[in-house]
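Step one of this worksheet: look at the structure below.
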Amino acid sequence: MAKKYWLVKSEPDVFSIDDLAKTKNQTTYWDGVRNYQARNFMRDEMKIGGKVLFYHSNSDPVGVVGICEVVKEGYPDFTAFDPEDKHFDPKSKKNEPTWIMVDIKLVEKLKRTVTLSEIKANPKLQNMKLIQRGSRLSVMPVDKSEFDEIVKMSKK
DNA sequence: GCCAACGTTGGC
DNA sequence: GCCAACGTTGGC
């Protein structure tokens, strides 16, 4: 069954929520994911209309900064075919692409960042993959209750 | 910049 | 198939 709520990580030095806001149609392709688990989520389960928490990693502060929506379902990540691209992967063939991406569109920037430390401190959010030991997934499913809780926290 | 945790690679 | 070495992620 397709899941409806997600969290994606981005390093704001590379691509931030403000960069997304400035992008045409506030829509971007989510390229460069080179992890099979994350790839499988995008390929199999991220459906149009799915809601996505946009998370800033390697930043100050670290945390959830916005809400997006899936507007295009899994298709080949063409950056894997380009030898000049940072995410080039010679193993990925055009007729049999290894890597997949989706398009996401900005819905809203949160009024404030919901920080990682707040998430860790919230008893309702203890099951999030995000805070599980050593979790390095850059695309992960989130429960509706967790999604709603984070949005609620951003309004306080 | 450090380093723990993780995924991938490659020798055997 | 095992596992050491290596590269990457990402919080601090």
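Throughout, protein chains are lettered first and strands after them, A, B, ... in sequence-line order, and every chain is numbered starting at 1.
Atom NZ in K120(A) sits roughly 10 Å away from atom C1' in dG10(C) (whole-Å rounding). When rounded to the nearest whole Å, the span between CG of N58(A) and C1' of dT9(C) equals 7 Å. Distance D89(A) CG to dT9(B) C1': 13 Å, rounded to the nearest Å. Following rounding to the nearest Å, F15(A) (CZ) and dG10(C) (P) show an atom-to-atom distance of 17 Å. When the P atom of dT9(C) is taken as reference, atom CG of L137(A) falls 13 Å away, rounded to whole Å. Across the protein-nucleic acid pair, R136(A) atom CZ and dT8(C) atom C1' stand 5 Å apart, rounded to whole Å. A straight line from CH2 of W99(A) to C1' of dG7(B) spans 10 Å, rounded to a whole angstrom. Here dT8(C) presents its P atom at 12 Å from CD of E11(A), a figure rounded to the nearest Å.
Listed by first then second residue, pairs satisfying side-chain hydrogen bond (donor to acceptor under 3.5 Å, both in side chains) with a partner in residues 59-73 of chain A number zero, not counting sequence neighbours. Residue pairs meeting the ring pair (Phe, Tyr, Trp, His ring centres under 6.0 Å) criterion with at least one member in residues 87-137 of chain A, sequence neighbours excluded: Y36(A)-W99(A).
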For residues 7-17 of chain A, which side-chain donor-acceptor pairs fall under 3.5 Å, sequence neighbours excluded?
unit_1: K9(A); atom_1: NZ; unit_2: L137(A); atom_2: O; d: 3.2
unit_1: S10(A); atom_1: OG; unit_2: F15(A); atom_2: O; d: 2.5
unit_1: S16(A); atom_1: OG; unit_2: D18(A); atom_2: N; d: 3.2
unit_1: S16(A); atom_1: OG; unit_2: D19(A); atom_2: N; d: 3.1
unit_1: S16(A); atom_1: OG; unit_2: D19(A); atom_2: OD2; d: 3.3

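No donor-acceptor pair closer than 3.5 Å links the side chain of N25(A) to the backbone N or O of T27(A).
In the model, T79(A) has a side-chain atom that pairs as donor or acceptor with a side-chain atom of D77(A) under 3.5 Å.
Applying the 4.0 Å criterion to OP1 and OP2 of dT9(C), one finds that K9(A) has every side-chain N and O outside that range. Side-chain N/O atoms of K86(A) include none lying less than 4.0 angstrom from OP1 or OP2 on dT8(C). For Y36(A), no side-chain nitrogen or oxygen approaches OP1 or OP2 of dC6(B) to under 4.0 Å.
If you check residues 126-134 of chain A against DNA chain B, the residues with a heavy atom closer than 4.0 Å are R133(A), G134(A), listed by number.
Residues that satisfy the ring pair (Phe, Tyr, Trp, His ring centres under 6.0 Å) test with F41(A), not counting sequence neighbours, are W6(A). Checked against salt bridge (Lys or Arg N to Asp or Glu O under 4.0 Å), D31(A) has no partners two or more places apart in sequence or in another chain.
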